[in-house]
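Everything quoted here is computed from the prediction, not taken from an experiment. Atoms within each ligand, like the ligands themselves, are counted from 1 in listed order.
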Amino acid sequence: MPDLTHRPRRLRRTEALRSLVRETRLAREDFILPLFACTGTKVRREIKSMPGVCNLSVDEIANEAAAAFDAGVKGIMLFGLPETKDETASGAYNEDGIVQQAIRAIKKSAPDLIVMADTCLCEYTSHGHCGVVRDGEVINDESLELLAQTAVSQAAAGADLVAPSAMMDGQVGAIREALDEAGFDQIPIMAYAVKYASALYGPFREAADSAPAFGDRRAYQMDAPNAREAMHEAELDYLEGADILMVKPATIYLDVLKTMREEFDVPLAAYHVSGEYAMIKAAAQNGWIDEQRVMMETLTSIKRAGADIILTYYAREAIKALG
Ligand code: PBG
Ligand code: ZN
């Protein structure tokens, strides 16, 4: 006989024992639900590639946010689909922009819900890029001013936190400076610090109508094979004043998340993105996997790798599954 002094199975025998020695536990506080605000009234338009996720008009999003809060969701991340788009993304920083309206409505319907605003230009530019375009290129430094204006207008509308996602160099510093000057020194920044140029944003671009009209985002979002560069990106955002650092997408970049956990002591977020959600949904709708179990196993893996905060379209279902 081999030496069986150690038998790991002893602690797996019953659910009570397994629960006693469980290392990672999801909690209802872990999740942020992304929501998409659109123009009109009484609009609930389901995204084909994201079953269960809708574009919601301001009246509807106010109800949806309140219902999510009642169901245990502590925070939401807002995106907007403006009426019109232009070269300078004016809908992003207009006082009456779609996200600004949604923020004000949600702050009324669910005052204790944490309202986060995604700070980017791609949903508002006619060309769909995350910054100002000239001669086919996204110009970094000119984009900073518009991103800073966007963040300030989101804070002025009542956002509790802003989340720059454009991947422009210096965007966190520019936004921090502008917020402070405008009297919003208490508004935290959650930086999309490590955001890869991923094929998994496809369904989101349908949801937010934000696909680039030409080219792609590889000249500003990160190259998938690079992990060391992720630490450099994260370090820069940290030094520019980011309060929370994010990795995105989540599940196929868990190695990066794990290294971030070792290197940084600020809170870490991970974005379980639209494509990651859509893949689970599609397999489940075919009856090929158990949706709830795959969802919980996936979200657990993100927490186990080191995330404190998980942005996911599954926020409500996960909280429900936790009971
Ligand atoms: C905007 C933004 C994107 C996502 C979050 N913020 C899309 C993109 O970079 O093209 C993706 C989220 C998702 O796929 O769920 N810059
Ligand atoms: Zn963008």
Practice item. Answer yes if F214 and L121 sit in the same cluster of Ile, Leu, Val, Met, Phe, Trp and Tyr residues linked by side chain heavy atoms under 4.5 Å apart, and no otherwise. Key: yes
Revision key, fill the gap. In terms of its nearest heavy atom to atom 16 (N) of ligand 1, the top option of M167, M77, K195, E276 is K195
**Study point:** Backbone of R293 reached by a side-chain donor or acceptor of D290 within 3.5 Å
**Key:** yes
Point to revise | For Y271, atoms of ligand 1 separated by under 4.0 Å from a heavy atom | key: 12 (C), 15 (O)
Exercise for review: May I ask you to check whether E123 has an N/O atom sitting below 3.5 Å from an N/O atom of ligand 1?
Suggested key: no
Exercise for review: Using a 4.0 Å heavy-atom cut-off, say whether S165 meets ligand 1 through its side chain, its backbone, both or neither.
Suggested key: both
Review point. How wide is the angle at the Zn ion (ligand 2) between SG of C130 and SG of C120, to the nearest 10°?
Key: 110°
Point to revise | Heavy-atom gap S210 to ligand 1 smaller than 4.0 Å | key: no
Exercise for review: State the atoms of ligand 1, each with its element, that fall below the 4.0 Å cut-off from a heavy-atom position in C122.
Suggested key: 1 (C), 16 (N)
Review point. Does atom NZ of K107 have more than 12 heavy-atom neighbours from other groups under 6.0 Å away?
Key: yes
Check your understanding: Parallel, tilted or perpendicular for F204 and F79, by the 30°/60° rule?
Key -> perpendicular
Review point. With no hydrogens and no angle check, is any side-chain donor or acceptor of Y238 less than 3.5 Å from a backbone partner on D243?
Key: no
Study note, to complete from the structure: Atoms of ligand 1 under 4.0 Å from any heavy atom of F79, numbered from 1 in the order shown, are 5 (C), 6 (N)
Exercise for review: Answer yes or no: does atom CZ of R18 have more than 12 heavy-atom neighbours from other residues, nucleotides or ligands under 6.0 Å?
Suggested key: yes
Review point. Which atoms of ligand 1 have any heavy atom of K248 under 4.0 Å away?
Key: 2 (C), 3 (C), 4 (C), 5 (C), 6 (N), 11 (C), 12 (C)
Exercise for review: For R7, look at atom CZ and say whether over 12 heavy atoms of other residues, nucleotides or ligands are found less than 6.0 Å away.
Suggested key: no
Review point. When the ring planes of Y220 and H129 are compared, do they come out parallel, tilted or perpendicular, using 30° and 60° as the limits?
Key: perpendicular
Check your understanding: Is it the side chain, the backbone, both or neither of Y277 that has a heavy atom closer than 4.0 Å to ligand 1?
Key -> neither
Check your understanding: Side chain, backbone, both or neither: which part of S274 has a heavy atom under 4.0 Å from ligand 1?
Key -> both
Exercise for review: Using heavy-atom distances, let me know which of F204, Y192, Y313 sits nearest atom 15 (O) of ligand 1.
Suggested key: Y313
